[in-house]
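Per chain, numbering begins at 1; letters A, B, ... match sequence-line order.
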2 protein chains.
Amino acid sequence: MPASIEDVAKLAKVSISTVSRVLNRRNVVNAATRERVEKAIRELGYRPNVFARGLMLRKSNIIGLVLPDLHGEFYSEIIRGANEKTRQLGYHLTVSAAIESDDSHDIVAAVANQGLVDGLIAMISETNAGITDALATVDVPLVVLDGDVSGARHDCVVIDQSEGAAAMMNHLIKLRPGRPVIFVGGNETNLDSIDRLKAYRAAMSGAGLAVADEHVFHLDYDYQTAFDLGVEKVAEWSRIGASVFAANDEMAAGVIDAAIDAGLNVPDQLPVVGFDDTRIAQLTRPRLTTVHVPMAIMGASAVELLLQRIEDPKRPSTKMTLQSELVVRESCGAAVKIHQPGLRGIS
Amino acid sequence: MPASIEDVAKLAKVSISTVSRVLNRRNVVNAATRERVEKAIRELGYRPNVFARGLMLRKSNIIGLVLPDLHGEFYSEIIRGANEKTRQLGYHLTVSAAIESDDSHDIVAAVANQGLVDGLIAMISETNAGITDALATVDVPLVVLDGDVSGARHDCVVIDQSEGAAAMMNHLIKLRPGRPVIFVGGNETNLDSIDRLKAYRAAMSGAGLAVADEHVFHLDYDYQTAFDLGVEKVAEWSRIGASVFAANDEMAAGVIDAAIDAGLNVPDQLPVVGFDDTRIAQLTRPRLTTVHVPMAIMGASAVELLLQRIEDPKRPSTKMTLQSELVVRESCGAAVKIHQPGLRGIS
DNA sequence: CTGAAAGCGCTTACAG
DNA sequence: CTGAAAGCGCTTACAG
């Protein structure tokens with residue numbers, strides 16, 4: 001049985017009120033008594049009971065992070081960034097993710113309503129009917145990652161994909177003027193994929209290039225399906241002098257491997273680029289030209305935003321935009337030296 | 001202000017005791033009143049206050065997971081497995097990891113002593129003075145991953161590395177009888193690396209092969225350092241007909257890339273194999289022959305063990321051993337068809 | 001089967 | 001600057 005505030009009070013010969021004051025508002029109490037109390041605390045190894053505190057303060061110092069999934073580098077970087085910042089600011093982080101059987105919306109609601117967390121960070125990768133409702137039931141401060149769910153009263157952190165994607169497209173178009181660019185996207189409803197497709201179309205039409213329907217694909221962000229698509233298509237793509245713009249690094253890796261298996265030289269016979277700049281981007285051969293997305297920073301920024309709101313619930317809701325950035329490596333075929341982005345990109 | 005148990009009691013015209021009973025021991029209360037109470041709960045959207053409950057029950061339904069690091073597939077799989085099982089059993093998971101400035105031992109202590117978690121899962125990848133002390137201060141149920149910290153009274157989940165590592169070594173030795181095998185390990189003090197080195201030595205001496213000191217390396221599990229080492233050594237290794245046994249997939253990838261950059265054919269001129277069977281193993285070309293380690297299962301098993309102990313604190317402490325398994329792909333040069341392990345391996 | 005009451009360990013006005 | 005007391009929202013013997 002751990003020591004309680006009463007034990008401390010007894011040992012220090014003061015009331016529990018005074019012990020509590022030493023704990024919470026140190027300066028209010030006389031230096032001599034304070035030292036006596038602190039000594040007692042040390043001797044007893046006293047730590048305030050989290051539940052009793054939470055009951056009075058209505059505060060747990062725990063924030064929740066809900067992700068659509070837990071696979072892969074992308075999410076683990078977000079967790080890493082969030083975890084570090086959370087600890088640094090004296091909070092704790094609980095992580096939840098959608099698992100096969102349940103929808104991420106349910107989880108958002110579940111985590112928020114269970115009454116444990118002081119606030120919630122939710123990554124929304126698709127917008128649909130359910131999600132708006134689910135978010136509406138959240139009655140704690142909320143920061144939305146990625147999904148810019150309009151109209152709602154909460155903070156959000158988004159990646160400005162358009163800039164990086166546009167830079168990438170222009171890069172590709174400049175390398176092979178007038179040639180087609182194949183877009184290999186994620187799910188049709190995925191917000192990131194939608195943004196990236198939009199930038200793709202804008203750049204194409206900006207360069208006076210038509211976008212053929214059969215040059216736009218919607219897969220699932222996975223290596224394997226991209227590989228399978230590649231097996232079927234790379235020969236043709238190469239023949240027409242196309243480049244491939246994949247909406248994440250994994251799919252880019254899949255297409256590259258399919259191309260190599262087909263005996264093609266990447267990038268000479270088929271340039272392929274990715275998105276995200278995960279660890280994989282440096283493991284493929286050729287190394288991936290991709291767009292760097294500051295994932296850890298996204299996690300950390302979300303935590304900062306959330307804690308600011310928890311402390312001041314009526315501050316105006318803010319939207320933080322992080323910049324993405326073109327990283328030229330080998331898979332595009334540009335004769336440019338490799339550029340390694342550091343930890344920058346907060347706007 | 002959310003509804004309290006008193007609001008429910010009033011609406012249902014019963015005492016709070018009865019409401020509490022409906023919540024906790026449904027069958028004790030008369031069916032008619034129970035229904036009245038449940039209706040009131042529904043109408044009010046009542047949810048018990050977690051802190052008040054925790055204060056009485058001394059239980060939070062939260063378990064902590066402490067990892068040495070949060071980078072990479074390996075850890076994210078553990079989190080995924082733990083998260084899924086935790087939710088499934090009605091608990092919550094908080095995740096912490098060592099960050100640059102602090103030692104994982106401090107974190108174990110910090111998380112355990114803050115009094116929030118009902119139990120703790122800690123991954124111990126090195127054994128040293130500090131760790132035993134830190135573990136001793138933990139006064140909640142504890143499950144140790146990987147590190148078989150002897151003498152302590154807690155459960156643990158370990159990977160039987162020796163079997164997989166031995167299978168791998170025998171496989172390599174059979175492919176190139178009498179030729180040297182290079183060991184590229186992690187930190188000298190890393191427990192996994194130590195185990196794998198031990199299996200390496202055993203297999204070598206079992207085959208009557210001497211182990212030259214200059215054939216054993218201790219790096220840091222990272223792609224880049226392995227790549228750098230490879231740049232320097234692959235030519236020589238290839239010349240003497242050696243194979244490379246790396247202690248994780250990332251380092252194997254680094255060596256492979258260095259070999260390819262040096263114009264060598266892998267596996268023909270230099271077989272290279274990895275360990276862990278992370279996602280990377282299927283992204284390298286040639287695909288990695290490696291040892292499958294059931295990471296998600298490790299996380300899930302730890303949760304199960306922990307919750308069993310929380311429910312029955314005096315059950316005998318158990319040690320769960322998960323089997324690792326050789327996965328033959330391309331990087332070793334064996335003409336064997338690819339074997340994909342499923343989710344097996346619990347012993 | 002049900003209710004009144006004590007108590008879990010804190011914080012915070014309210015007096016002094 | 002300090003203490004006595006009320007109260008946060010629950011659970012659980014204890015009576016009835």
Side-chain angles (χ1 to χ4, degrees), chain A residues 1-41 44-62 90 113-118 139-140 311, chain B residues 1-41 44-62 90 113-118 139-140 311:
Chain A
M1 191 95 310
S4 76
I5 196 173
E6 207 173 332
D7 301 327
V8 176
K10 246 173 225 154
L11 185 59
K13 300 195 188 313
V14 294
S15 72
I16 61 166
S17 320
T18 299
V19 177
S20 178
R21 277 186 209 104
V22 171
L23 256 28
N24 301 301
R25 297 172 314 195
R26 310 195 44 203
N27 35 328
V28 183
V29 23
N30 171 35
T33 35
R34 190 209 306 158
E35 268 164 37
R36 245 181 26 251
V37 172
E38 279 168 347
K39 181 152 166 284
I41 289 177
L44 263 35
Y46 167 72
R47 299 177 150 273
N49 180 298
V50 211
F51 301 112
R53 279 200 122 198
L55 186 52
M56 285 307 298
L57 265 28
R58 312 190 152 281
K59 192 154 177 348
S60 64
N61 278 26
I62 302 174
N113 295 332
Q114 133 228 4
L116 181 65
V117 298
D118 292 342
D139 53 0
V140 293
E311 272 161 30
Chain B
M1 192 96 307
S4 75
I5 196 174
E6 207 173 332
D7 301 327
V8 177
K10 246 172 224 157
L11 186 59
K13 299 197 189 313
V14 295
S15 72
I16 61 166
S17 319
T18 300
V19 178
S20 179
R21 279 187 207 103
V22 171
L23 256 27
N24 300 302
R25 298 171 313 196
R26 308 195 42 197
N27 34 330
V28 184
V29 22
N30 170 37
T33 35
R34 190 210 307 159
E35 268 166 38
R36 242 177 35 247
V37 171
E38 279 166 348
K39 181 153 167 287
I41 289 178
L44 263 34
Y46 168 72
R47 299 176 151 273
N49 179 298
V50 212
F51 301 112
R53 279 200 121 196
L55 186 53
M56 285 306 298
L57 266 28
R58 308 187 157 283
K59 193 156 176 345
S60 63
N61 277 27
I62 302 174
N113 295 331
Q114 133 229 6
L116 180 65
V117 298
D118 292 342
D139 52 0
V140 294
E311 272 161 31

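Contact of the A:I62 side chain with the B:I62 side chain is registered, since non-hydrogen atoms from C-beta on lie closer than 4.5 Å. Taking the side chain as every heavy atom from C-beta outward, A:D7 and A:L11 never approach each other to under 4.5 Å. A:K10 places none of its side-chain heavy atoms less than 4.5 Å from the side chain of A:L44.
From the 5' end on, the contacts that DNA chain D makes with chain B at under 4.0 Å to a non-hydrogen atom open and close at D:dG9 to D:dA13.
In DNA chain C, runs of at least 3 consecutive Watson-Crick or G-U pairs, each pair with both distances below 3.5 Å, span C:1-3 with D:14-16, C:5-12 with D:5-12, C:14-16 with D:1-3.
Partners of B:D118 by side-chain contact (heavy atoms from CB on, under 4.5 Å), not counting sequence neighbours, listed by chain and number: B:K59, B:S60, B:N61, B:Y91, B:I310. Listed by chain and number, the residues in a side chain to side chain donor-acceptor pair (under 3.5 Å) with A:T33 amount to none (sequence neighbours excluded). Listed by chain and number, the residues in a salt bridge (charged side-chain N to carboxylate O under 4.0 Å, His left out) with A:K13 amount to none (sequence neighbours excluded). Qualifying side chain to side chain donor-acceptor pair (under 3.5 Å) partners for B:N30, counting only residues two or more places apart in sequence or in other chains: none. A:N49 meets the side-chain contact (heavy atoms from CB on, under 4.5 Å) test with A:F51, A:A52, B:L55, B:R58; sequence neighbours excluded. Residues satisfying the side-chain contact (heavy atoms from CB on, under 4.5 Å) test with B:I16, not counting sequence neighbours, are B:I5, B:E6, B:A9.
Base engagement by B:S20 is indicated by at least one non-hydrogen atom pair under 4.0 Å involving a base atom. When heavy atoms are screened at a 4.0 angstrom cut-off, B:R21 is found touching base atoms of the nucleic acid. If you check every strand for non-hydrogen atoms under 4.0 Å, A:S17 touches a base.
Of the residues in residues 48-56 of chain B, B:L55, B:M56 come within less than 4.0 Å of DNA chain C through at least one heavy atom, sorted by number. Using a 4.0 Å cut-off on heavy atoms, the residues of residues 5-15 of chain A that approach DNA chain C are A:I5, listed by number. Residues from residues 33-41 of chain B placing a heavy atom under 4.0 Å of any atom in DNA chain D do not occur.
In terms of heavy atoms, A:V117 sits closest to A:V140 at O-CG1, 3.7 Å. The two residues A:V37 and A:T18 come nearest to each other via the heavy atoms CG2-CG2, 4.4 Å.
For the salt bridge (Lys or Arg N to Asp or Glu O under 4.0 Å) condition, the pairs that include at least one residue of residues 29-39 of chain B, sequence neighbours left out, are B:R26-B:E38, B:K39-B:E43.
Atom CG of residue B:L23 and atom OH of residue B:Y46 lie 5.5 Å apart, to the nearest 0.5 angstrom.
Between A:N30 and B:I16, the residue anchored nearer the 5' end of DNA chain D, judged by the nucleotide with its closest heavy atom, is A:N30.
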